[in-house]
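Reminder, nothing fancy here: chain letters follow the sequence lines and each chain counts from 1.
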Number of protein chains: 2
Amino acid sequence: MSIDTRRSSLAALAHHADRHPPAACAQCPLRALPAFSPVSAKELAYIQSFRHGSAAFAAGQDVLAEHATSEWLYTVFSGWAFRFKTLSDGRRQILNFLLPGDFIGLQEQFADGAPHGAEALTELQLCRFPKAELWSLYREFPSLGYDLTWLAAREENLTDETLLSVGQRSAAERIAMLLIHLYRRAERVGLVEGAAVAFPVTQQHIADALGLSLVHTNKTLRRLHRLGLHEIADGRLRLLNRHALQRLADYAERPMRTIPLI
Amino acid sequence: MSIDTRRSSLAALAHHADRHPPAACAQCPLRALPAFSPVSAKELAYIQSFRHGSAAFAAGQDVLAEHATSEWLYTVFSGWAFRFKTLSDGRRQILNFLLPGDFIGLQEQFADGAPHGAEALTELQLCRFPKAELWSLYREFPSLGYDLTWLAAREENLTDETLLSVGQRSAAERIAMLLIHLYRRAERVGLVEGAAVAFPVTQQHIADALGLSLVHTNKTLRRLHRLGLHEIADGRLRLLNRHALQRLADYAERPMRTIPLI
DNA sequence: CGGCTTGTTGAAGAGTTTCAAGCTTAGTGG
DNA sequence: CCACTAAGCTTGAAACTCTTCAACAAGCCG
């Protein structure tokens, strides 16, 4: 059986979503994934009413401009994006990558102007929520407020993990960590097909996410590839020796909890 | 007027708290600070009932053990602490420093076991809250749930800022950034007396927070001191040339918003 | 076809780490 | 009261990781 035709049902779901804007929340293909916590019918109905349509961005477009303010909060429906901060001389730090199910905008809600920017890596479909009604959500559905805190805490955990990498791991260790981590996150939302995931991240993105120069990122990536640990070809990432990557990154693969989806 | 006797009333408040465990929330000296958002009488009463006593730690003690689980959430009442993560070979990354008013434990609430450890830097007084009742808080006082999300988002912003430093700034820039940032945070909770703040952070802590070696941290710190930018003496930090530090760190001093205190 | 983006490689240079040693201070116990 | 110890700070020198500079190749698109 060829790799291309052996497409899991989850992957098919996620793949199918790529081209189409999100429909009703009750039919949301993301929500069908085991990665996300179930919600009650009432909660689902409220989420649907909280949602004000959708937004689409082309690859490379700004979703959130740094320091600007926005009226919207978003959930990624399909596609990849990333959050970043820049220094005044142009140096850029990618804070995290955003995959389907990830929430965007909570940090800005509680600051004066977005403390970070966000940019689409691929064509991006987002579910859109008005900030002005966020407080109503807490008042009317405290359980969803609880979920939002959960999502904020999870986002913090992801950043903490990256900070550990950038502060303590060597270049090879950082890259191993990033590859495993992104692969796993993509895997749990059904983006892995035939042991590979569509990978829209350039070497410049990897460099900016890990605090490395482009040249050194390239050389380290090549070294790991030569060692048979991974392969990035035709815009797809494969982990060829997951165990070795984990050992290199000092990464313990623990089962992932289900997370809320708003 | 000598610097030592010119102690602001805020500093006096905070200083007074050092030795005594926190009393009733209505009399909380922290809450009197302009740094924190006001709460209604009902909210205050609920916070008081949510609180289950206090906890004290000596300098160097573990508040949260990495990977362990705890039944408690905390707010720092007085003293300094820090959150950290370690790799299996002992390399340690300090994720953030914790000052009075900072909340501890939200990340753990939504993960299996604390994703990070926390350690006291000084004698530490904490207000203690039972995790088991967290959900009640959201249900009964959604406004406090909203505040918790706010605190989680703020914590994320702090970590994002550090990640930008560690990923993109040079050693000197990182250290300048850290000094300014910690000084400002201490200032807003009334810990600055006579243009100096009690500074319980060792060079090893700075190194671990910024992803630098101890030796290089020392040499860079000395260089900034020789340039007259700062002084750390007798366990107290002074910013001798705040403007130059800000220029070095590419840091724009923006007014800080009031933040919730739970 | 030419221009732009992304990836690749070699060589030189700089920033940072590691190794090693000594200093100061505070605390402890004889 | 002083020797002893431990923790933190300081400094020089050597080694190394990573960055910068420079150049070219491959793929894509108007």
Side-chain angles (χ1 to χ4, degrees), chain A residues 58-61 80 87 89-94 119-123 165-176 178-179 198-227 230-237 248, chain B residues 58-61 80 82 87 89-94 119-122 165-176 178-179 198-227 230-237 248:
Chain A
Q61 274 193 306
W80 290 48
L87 295 175
D89 66 358
R91 282 175 284 177
R92 176 177 74 171
Q93 177 65 39
I94 291 183
E119 188 180 314
L121 268 175
T122 65
E123 192 185 337
S165 267
V166 176
Q168 304 300 327
R169 284 189 246 248
S170 72
E173 293 167 345
R174 287 182 220 183
I175 289 184
L178 182 76
L179 295 181
F199 197 65
V201 178
T202 67
Q203 296 187 351
Q204 184 66 65
H205 291 124
I206 297 179
D208 288 350
L210 300 181
L212 297 168
S213 72
L214 174 60
V215 173
H216 196 57
T217 300
N218 175 282
K219 286 175 180 172
T220 308
L221 223 27
R222 300 256 57 218
R223 202 171 92 231
L224 298 190
H225 177 241
R226 253 197 318 277
L227 292 172
H230 80 289
E231 181 187 71
I232 300 175
D234 304 323
R236 303 175 68 74
L237 164 68
L248 179 57
Chain B
Q61 273 194 307
W80 290 49
F82 62 90
L87 294 175
D89 65 358
R91 282 175 284 177
R92 176 178 75 170
Q93 177 66 37
I94 291 183
E119 188 181 313
L121 268 175
T122 65
S165 266
V166 176
Q168 303 301 325
R169 285 190 245 248
S170 71
E173 293 167 346
R174 287 181 220 182
I175 288 183
L178 182 76
L179 295 180
F199 197 64
V201 179
T202 68
Q203 295 186 352
Q204 184 66 65
H205 291 124
I206 298 179
D208 287 351
L210 299 181
L212 297 169
S213 72
L214 174 60
V215 173
H216 197 55
T217 300
N218 175 281
K219 286 174 180 171
T220 308
L221 223 26
R222 300 256 57 216
R223 202 171 92 231
L224 298 190
H225 178 241
R226 251 196 320 276
L227 292 171
H230 80 288
E231 181 186 70
I232 299 176
D234 304 323
R236 302 175 70 74
L237 165 68
L248 180 56

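Here the rule is side-chain hydrogen bond (donor to acceptor under 3.5 Å, both in side chains) with A/Q203, and of A/D208, A/N218, A/T217 only A/N218 fits it.
Across the protein-nucleic acid pair, B/R223 atom CZ and C/dT16 atom C1' stand 12 Å apart, rounded to whole Å. Atom-to-atom, NE2 of A/H225 to C1' of C/dT9 comes out at 16 Å; the value is rounded to the nearest Å. Rounded to an integer number of Å, the gap from B/I206 CD1 to C/dT17 C1' is 18 Å. A/H216 has its NE2 atom 17 Å from the P atom of C/dG15, to the nearest Å. Computed from coordinates, the A/R226 CZ to C/dG7 C1' distance equals 14 Å when rounded to whole Å. The separation between A/D234 atom CG and C/dT6 atom C1' is 14 Å, rounded to whole Å. Taking atom CG on A/L214 and atom P on D/dA23, their separation rounds to 17 Å, with Å as the unit. In this entry the distance linking CZ of A/R169 with C1' of D/dT17 reads 18 Å, nearest Å.
For the residue pair B/L224 and B/A176, the shortest heavy atom distance occurs at CD1-N, 4.2 Å. For A/L121 against A/H205, the heavy-atom pair with the smallest separation is CD2-CE1, 3.3 Å.
Across all strands shown, B/G235 has no heavy atoms under 4.0 Å from either base or sugar-phosphate atoms. At a threshold of 4.0 angstrom between heavy atoms, the contacts of A/S213 include nucleobase atoms, whether or not backbone atoms are also involved. Here B/G211 lies in heavy-atom contact (under 4.0 Å) with sugar-phosphate atoms only.
In terms of phosphate contacts, A/Q204 brings no side-chain nitrogen or oxygen within less than 4.0 Å of OP1 or OP2 of C/dT5. Side-chain N/O atoms of A/R222 include one lying less than 4.0 angstrom from OP1 or OP2 on C/dT9.
Around the CG atom of A/D234, the shell of radius 6.0 Å holds no more than 12 heavy atoms that belong to other residues, nucleotides or ligands.
Proximity note for B/N218 (side chain, C-beta onward) versus C/dT8, D/dC18, D/dT11: the nearest is D/dT11. Residue A/L212 has its side chain nearest to D/dC18 when only D/dC18, C/dT8, C/dT17 are considered. Checked against C/dG10, C/dT16, D/dG12, the side chain of A/V215 finds its nearest nucleotide in C/dG10.
Not a single donor-acceptor pair under 3.5 Å links the side chain of A/T220 to the backbone N or O of A/A172.
Contact of B/K219 with D/dG12 (side chain to base): a donor-acceptor pair of N or O atoms is detected under 3.5 Å.
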